[in-house]
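Report on one structure; see the data block that follows.
A, B, ... follow the sequence lines: proteins, then strands. Residue 1 opens every chain.
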Amino acid sequence: MSKGITKRSEDYSAWYNELVKKADLAENSDVRGCMVIKPYGFAIWEKMQAEIDRMFKATGHSNAYFPLFIPKSYLSKEADHVEGFAKECAVVTHYRLKNAEDGSGVVVDPDAKLEEELIVRPTSETVIWSSYKKWIQSYRDLPILLNQWANVVRWEMRTRIFLRTTEFLWQEGHTAHATKEEAETETIQMMNVYAEFAENFMAVPVIKGVKSESERFAGADETYCIEALMQDGKALQAGTSHFLGQNFAKAFDVKFLNKENKEELVWGTSWGVSTRLMGALIMAHSDDHGLVLPPKLAPIQVVIVPIYKGDEQFEAVSAKANEIKQALEAVGVSVKYDNRDTYKPGFKFADWEMKGVPVRLALGARDLENGTVEMARRDVVDPNNRNAGKKVVNFDEVVAEVQATLEDMQQGIYKKALDFRTEKTTKVDTYEEFKQVLDEKGGFVLAHWDGTADTEDKIKNETKATIRCIPLDDDVEAGQCIYSGQPSARRVLFARAY
RNA sequence: CGGGGUGUGGCGCAGUCCGGUUAGCGUACCUGCUUUGGGAGCAGGGGGUCGCAGGUUCGAAUCCUGCCACCCCGACCA
């Protein structure tokens, strides 16, 4: 592994790409826009999945699985939905290959053309609602609260590892309800679940809000979202929760008999987060030395690096290291003892820093004599001052110190991200100021908007900034649209976004 | 789809303009010895149809024609 990565200040995009590769998270595959998620990257995703899944179950949801392929006809049943997704669908047209007659390899067998083409799901509303039609007859069948963990394919024009890949992993929740109120409550509940996960586990502060009409999910009546701010001042949509109204019930003819024996259309929601969260996690906290992981999502929370000369010292150090490892594991801390004798300590330090392991313990002969271990925390690394973030800890205090440090780091990186966002959130009252802030400072810009798609579109074309959301906070003050001067009920959140 | 760029050991690149020994460098890899508290040193070694297909030539990584792939910038999106 070559030394270091491009600095964020030099080229943020290059920094991100190099970090993803050098931290061993993922790499591009030979298929354009697709990625191979490597074991270390997948371990982080699994930690996320485990927690999100737990939260879904705690709110009454069950997991199920629906097929990858969708009959083409399904997609066209909901007009807005097909409009939104048709341009980016992969289509299966044949089911067989055969050897080429000139011996050049295999070719598609023209005799194996499908009667009806199949779409590789870009999202599963259509398949799931076609099942719901079969499952729902009575109010007694409601609500249905399902989630599925799946892969989906959207043929995007430009891709970037984790942030936008042709195939990505996600969860998609799909619920069906008897009343509008219940469906709306569900939609908001799931947005809150996402926000709680982002803030408490990823240590990424988010703004909760609703999308403007033009940014709304294809087929939804309302889209709620959480928006995060990255270190380069660009926004990232981290999760969405859609109130589908009765749109899919109408499209798939899903009705139920209520207590009064009257037929009614079912109300729906859908909500999802994807491997894009990996991108958010990376871009929110990491530095020029590599990944910085929040302790709650770090596959390895503590790494122990032995320092020794000769077999005798190695054995003595290893004995103590394993003792510390067991003591930490006993209180639920995940520990890696890096006993590879093929790399020197300096290499290991840099390697684990690149991978974002929160706490490193270095243990050598000197420590054995003193009854101490050197503890270093990942969120404080300074190549000009190697003692920054380091602390000598007595053996009998290691467990308590590590636990306290992990907790402190989880809080600390959240606070750092929150402070950054606060600093990069600007209220502006004129269009000139709006453009100036976007160009010179970046970040979130709170400005008045007249509520029309026309104004939104013009601002987007002129500045590349979009309305990330209309925040749900109660910081409401009336004003005048920065673009048209028309009255505005409240400020909305603008930013340039990923 | 428009604009730009790049294809040469695993990775990163030089060489191409101006054809000419055995295609070179860094790194990674293998072996040995010495090392080990911030990315070790020395010595030896293995690894290449120069993106693909034609063509020009005594001779092509280099010139010509065609094709393919990928990357970056825009429009589109979780």
Side-chain angles (χ1 to χ4, degrees), chain A residues 1-5 11 13-14 17-18 21-22 27-34 83-89 104 122-123 151-172 194 211 214-215 217-218 223 225-228 235-242 270-280 289-290 305-311 313-314 317 340-354 360-368 370 372-374 376 381-390 392 460-461 464 466 497-498:
Chain A
M1 190 182 296
S2 61
K3 284 187 183 183
I5 49 177
D11 185 342
S13 186
N17 287 329
E18 288 171 26
K21 288 181 181 67
K22 294 210 169 157
E27 62 192 20
N28 284 308
S29 78
D30 289 338
V31 178
R32 190 200 76 97
C34 292
E83 168 81 19
F85 286 105
K87 298 187 295 289
E88 52 191 46
C89 285
S104 61
T123 179
N151 58 338
V152 289
V153 168
R154 295 183 189 174
W155 217 268
E156 302 287 357
M157 296 182 198
R158 284 201 61 202
T159 59
R160 241 178 131 204
I161 269 191
F162 289 126
L163 296 175
R164 186 174 303 104
T165 45
T166 301
E167 178 193 17
F168 57 95
L169 306 184
W170 77 346
Q171 61 65 218
E172 45 180 327
Y194 289 152
K211 287 291 186 188
S214 54
E215 296 276 332
F217 175 75
T223 288
C225 63
I226 56 172
E227 292 286 326
L236 184 75
Q237 178 175 305
T240 47
S241 183
H242 314 293
S270 68
W271 25 274
V273 293
S274 71
T275 33
R276 170 178 263 200
L277 289 181
M278 291 286 291
H289 313 290
V305 176
I307 295 156
Y308 56 92
K309 293 178 188 175
D311 290 347
Q313 279 191 10
F314 179 62
V317 167
R340 292 175 293 179
D341 63 353
T342 46
Y343 294 98
K344 292 183 45 170
F347 178 91
K348 293 178 182 177
F349 291 173
D351 194 34
W352 294 114
E353 269 163 18
M354 186 63 75
R360 180 184 70 235
L361 300 175
L363 186 66
R366 199 167 73 200
D367 294 298
L368 291 184
N370 300 338
T372 59
V373 58
E374 180 189 88
V381 171
D382 179 1
N384 298 317
N385 174 14
R386 282 298 181 198
N387 288 322
K390 287 185 187 172
V392 175
K460 182 181 175 181
N461 288 335
K464 292 180 193 158
T466 50
Y498 277 98

Calculate the interatomic distance between [X] atom [atom1] and [N] atom [atom2]; express it in whole Å.
X       : N       : atom1 : atom2 : value
R160(A) : rC71(B) : CZ    : P     : 13 Å
N461(A) : rA75(B) : CG    : C1'   : 10 Å
Y308(A) : rA40(B) : OH    : P     : 13 Å
K464(A) : rG74(B) : NZ    : C1'   : 8 Å
F168(A) : rA78(B) : CZ    : P     : 8 Å
K309(A) : rU34(B) : NZ    : P     : 15 Å
F347(A) : rG37(B) : CZ    : P     : 14 Å
E156(A) : rA78(B) : CD    : P     : 8 Å

Closest listed nucleotide, where the reference is the side chain of [X] and the choices are [options]:
X       : options                   : value
T165(A) : rG37(B), rA78(B), rA75(B) : rA78(B)
R276(A) : rG74(B), rG38(B), rA78(B) : rA78(B)
R154(A) : rG37(B), rG39(B), rA78(B) : rA78(B)
R386(A) : rG38(B), rG37(B), rA78(B) : rG38(B)
Y343(A) : rA78(B), rU36(B), rC29(B) : rC29(B)
K460(A) : rC76(B), rA75(B), rG37(B) : rC76(B)
K344(A) : rG37(B), rG39(B), rA78(B) : rG37(B)

Those residues that, when tested against [X], pass ring pair (Phe, Tyr, Trp, His ring centres under 6.0 Å) (two or more places apart):
X       : answer
W170(A) : F168(A)
W271(A) : F56(A), H61(A)
Y308(A) : F314(A)

Categorize [X] for me: base, sugar-phosphate, or nothing, with a 4.0 angstrom heavy-atom threshold over every strand shown.
X       : result
F217(A) : nothing
D341(A) : nothing
T240(A) : nothing
A238(A) : nothing
G364(A) : base
L163(A) : base
R360(A) : base

Spacing of the [atom1] atoms in [M] and [N] (rounded, Å):
N       : M       : atom1 : result
rU6(B)  : rA14(B) : P     : 9 Å
rG9(B)  : rG46(B) : C1'   : 10 Å
rG10(B) : rC52(B) : P     : 13 Å
rC71(B) : rU27(B) : P     : 28 Å
rG48(B) : rG59(B) : P     : 26 Å
rC13(B) : rC50(B) : C1'   : 13 Å
rA75(B) : rU65(B) : C1'   : 33 Å
rA69(B) : rA53(B) : C1'   : 15 Å

Set of side-chain contact (heavy atoms from CB on, under 4.5 Å) partners for [X], sequence neighbours left out:
X       : value
N385(A) : D382(A), N387(A), A388(A)
E374(A) : A362(A), K390(A)
P122(A) : I70(A), F85(A), C89(A), I119(A), R154(A)
T372(A) : D367(A), N370(A), V392(A), N394(A)

What are the two closest heavy atoms between [X] and [Y], and how far apart are they?
X       : Y       : answer
M354(A) : G290(A) : SD-CA, 3.6 Å
Y498(A) : R276(A) : O-NH2, 4.0 Å
L277(A) : A238(A) : CD2-O, 3.3 Å

field: Criterion side-chain contact (heavy atoms from CB on, under 4.5 Å) on E227(A) and K211(A), from CA distance to verdict
entry: CA-CA 10 Å; E227(A) 292 286 326; K211(A) 287 291 186 188; 2.8 Å; yes
- request: Return yes if some donor-acceptor pair links the side-chain N/O of E172(A) with the main-chain N/O of T123(A) below 3.5 Å, else return no.
  value: no
task: State whether R360(A) and D351(A) are salt-bridged, where the test is any N-O pair (Lys NZ or Arg NE/NH1/NH2 against Asp/Glu carboxylate O) under 4.0 Å.
output: no
Restricting to nitrogen or oxygen on both sides, can you table the protein-nucleotides 7-13 of chain B pairs closer than 3.5 Å?
none

task: Applying side chain to side chain donor-acceptor pair (under 3.5 Å), name anything that partners T165(A), two or more places apart in sequence or on another chain.
output: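 None.
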- prompt: For T466(A), which residues count as a side chain to side chain donor-acceptor pair (under 3.5 Å) partner, sequence neighbours excluded?
  reply: R468(A)
Protein and nucleotides 1-6 of chain B: nitrogen or oxygen contacts under 3.5 angstrom:
none

message: Reading 5' to 3' and counting Watson-Crick or G-U wobble pairs with both distances under 3.5 Å, write the dot-bracket notation for RNA chain B, | for bases paired outside the strand.
response: (((((((..((((......[...)))).((((((.....)))))).....(((((..]....))))))))))))....
query: Distance check: side-chain N/O of K87(A) vs OP1/OP2 of rC76(B), anything under 4.0 Å?
result: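 Negative; the distance criterion is not met.
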Classify the side chain of [X] versus the base of [N] as yes if they form a donor-acceptor pair under 3.5 Å and no if they do not.
X       : N       : result
E353(A) : rG39(B) : no
K390(A) : rG38(B) : yes
D351(A) : rG39(B) : no

- prompt: Want to settle it: does S13(A) or Y498(A) sit nearer the 5' end of RNA chain B, counting the closest nucleotide to each?
  reply: S13(A)
